There are 2 protein chains.
Amino acid sequence: MSDRRTEIVRAATRVIARRGVRGLRVGELAAEAGVSTSLIYYHFTDRAGILRETLEFIGERADRYTAEPDRENPGNDPRTELEQALLLELQDAAEVRENSTAWGELRASAVFESSLRDDLARATHSWVHEIAGLLGRTHPAGTAPAHAASAERLTALLEGLSVRWLSGSLSLDQARRLLGEAIDAELAYARAGHGRSD
Amino acid sequence: MSDRRTEIVRAATRVIARRGVRGLRVGELAAEAGVSTSLIYYHFTDRAGILRETLEFIGERADRYTAEPDRENPGNDPRTELEQALLLELQDAAEVRENSTAWGELRASAVFESSLRDDLARATHSWVHEIAGLLGRTHPAGTAPAHAASAERLTALLEGLSVRWLSGSLSLDQARRLLGEAIDAELAYARAGHGRSD
DNA sequence: GTCTATAGGACGATAGAC
DNA sequence: GTCTATCGTCCTATAGAC
C-alpha cells in the first residue's frame, strides 16, 4: 500500500473516532489527511471503499496489540498476561481510545450494513481465539470449548463496558475494576469444573 | 401525549430499528407514520427532538418489560426471575429485537452526541438497579455493592452479546447460552465470598 | 497522482394555504 | 393540526487540467 493510502486510512481512523462511521464526511477526511476530496475517490472509489479499508486497518491494528501482549514485559505469568491483554483496551491513551471508539462504531454499523459483517465476524473470531489461548495457558485443565466460551464472554463484556465508558455511563476505573473481577469469576467458574470434559 | 405524536414516535422506533439512529431520515419517518414531513416538525421542532422523544419512549418501554418480569408467570424463584429478566432481551420477537436494536443505537450514538448521555446514563442506572435487586433476592447474603457490580457486568455483557448477535457475529442460541452461564458464574463468584462485607 | 471546480442529488427545515 | 410545495445547504461523486 502506498504511503498516501496509508496516510488517508490513518486519518480516516481519527475522523471515525471523532465523528463516528456515519458521521464521517469525505470532505472532512480530506482536510484531516491534507489532500483533496477527489484524491480520496481516486484511491478508494467511493465512501464504502474508504470504510472497508479503514475498518480492515482497525481490525489489524487491534490484532497487533493484543497478539503482542508483552514484548516489553516478558516472563509474566499467564494470568497477568490475560489480564493485561484485556485491560489494554480500557485505557485513556489516544491510540487505544481511538481504536476502541472506531471498533465500537464498526460493530454498531454492521447491524445495518451487512457488507461489514464478514470482516467483523472474522476479526472477532480471531480475537476470541487469541483470548481463549491465553485462558488455556492460565487454566490448562480446562477444555477448549470452555475456554472459547469464557473468551467470548470476556470479550463481549469488554465491548459492553467499553461503549458504556465511551458513552459516559461508566468511569474508566469502574470499567477496569469490573473487567478484572469478571476475569476472576470466569477462572473460578472454570476451576469449579465447568471447564472439564464431561 | 396526543395519538398522532405517539404514532410518530412508534414509527420512529421502527425506522431506527431498521436504519439506525443516524440512518433515520425525516422523510422516511413521515412515510412510515403516514403523515407529511412538516407535521413531524410541527410536533417535534427538529430532528434532535424526534430522537430525544423516541429514545425516551424506548427507555420507558424497556423499563416496562424488565420491571414486570412475571405478570403471567408468578411464583417463580428469584434465580429464574433473574434469568428471565435478562434473557428476555435476547429473543427474536419483533418488539424485543426492535428495542434491542434501538437501544444499541442509542448507546452507540451517545458516544458522539453528548446530548443523549444523561438520558442514557439514567436509564442504564435504573436497569442495573433493577437487576441488582433481583440478585439481592437470589443471594440475600451478598452486599449491595457486590450485587450492583454483578448487575453492571451482566447488563454490560448482555449489551455486548446483543450487538454481536444483531451484527451477525454470534447466533442467538449461543448468546443466550453464554449469558446463562455468566449468571451461573456471577452467582458462584458471589457465593464464594466476594459478596460479603469485608 | 493530485489538484480545482462543480454537477447532481439528498436532506433538514420552512412558508403558506386550508 | 395537517397538507403541498419549495428553499438552501450539505455532501457524494465526477470532469478535466496539470
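Side chains are part of it too, since the values below use all heavy atoms of this structure and drop only hydrogens, waters and symmetry mates. For clarity, every value in this text was computed on a predicted model and none was experimentally measured. In what follows, chains are A, B, ... by sequence order, proteins preceding strands, each numbered from 1.
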Item checked: Criterion side chain to side chain donor-acceptor pair (under 3.5 Å) against A:R122, the qualifying member of A:D118, A:D119, A:T124 -> A:D119
Check: So, does A:T101 use its side chain to make a donor-acceptor pair with the main chain of A:R97 at under 3.5 Å?
Finding: yes
Check: Is A:Q91 reaching over with its side chain to a backbone N or O of A:L88, donor-acceptor style, under 3.5 angstrom?
Finding: yes
Note to self: Using a 4.0 Å cut-off on heavy atoms, which residues in residues 29-36 of chain B reach DNA chain D? List them by number, or say none.
What the structure shows: B:V35, B:S36
Next item on the list: Would you verify whether the NZ or CZ of A:R5 falls within 45 degrees of the ring axis of A:F44 while also being under 6.0 Å from that six-membered ring's centre?
Entry: yes
Check: Is a donor on one side and an acceptor on the other found under 3.5 Å between the side chain of A:R47 and the backbone of A:L24?
Finding: yes
Next item on the list: May I ask you to decide if A:A110's main-chain N or O and A:R117's side chain share a donor-acceptor pair within less than 3.5 Å?
Entry: yes
Check: Hey, where on DNA chain D does chain A first and last touch, going 5' to 3'? Cut-off is any atom under 4.0 Å from a heavy atom.
Finding: D:dC11 to D:dA15
Note to self: Given B:R14, which partner from the list B:E7, B:E28, B:E32 fulfils the salt bridge (charged side-chain N to carboxylate O under 4.0 Å, His left out) test?
What the structure shows: B:E32
Expected rows: protein N/O vs nucleotides 6-13 of chain C N/O, under 3.5 Å:
| residue | atom | partner | partner atom | Å |
| --- | --- | --- | --- | --- |
| C:dC11 | OP1 | B:R25 | NE | 3.2 |
| C:dG12 | OP1 | B:R47 | NE | 3.3 |
| C:dG12 | OP2 | B:V26 | N | 3.1 |
| C:dA13 | OP2 | B:Y41 | OH | 3.4 |
| C:dA13 | OP2 | B:R47 | N | 2.9 |

Check: Looking at residues at least two apart in the chain, or sitting in another chain, which of them share a salt bridge (Lys or Arg N to Asp or Glu O under 4.0 Å) with B:R52?
Finding: none
Item checked: Listed partners of B:D46 passing salt bridge (Lys or Arg N to Asp or Glu O under 4.0 Å), at least two apart -> none
Check: What residues, two or more places apart in sequence or in another chain, satisfy side-chain contact (heavy atoms from CB on, under 4.5 Å) together with A:A132?
Finding: A:H147, A:A151
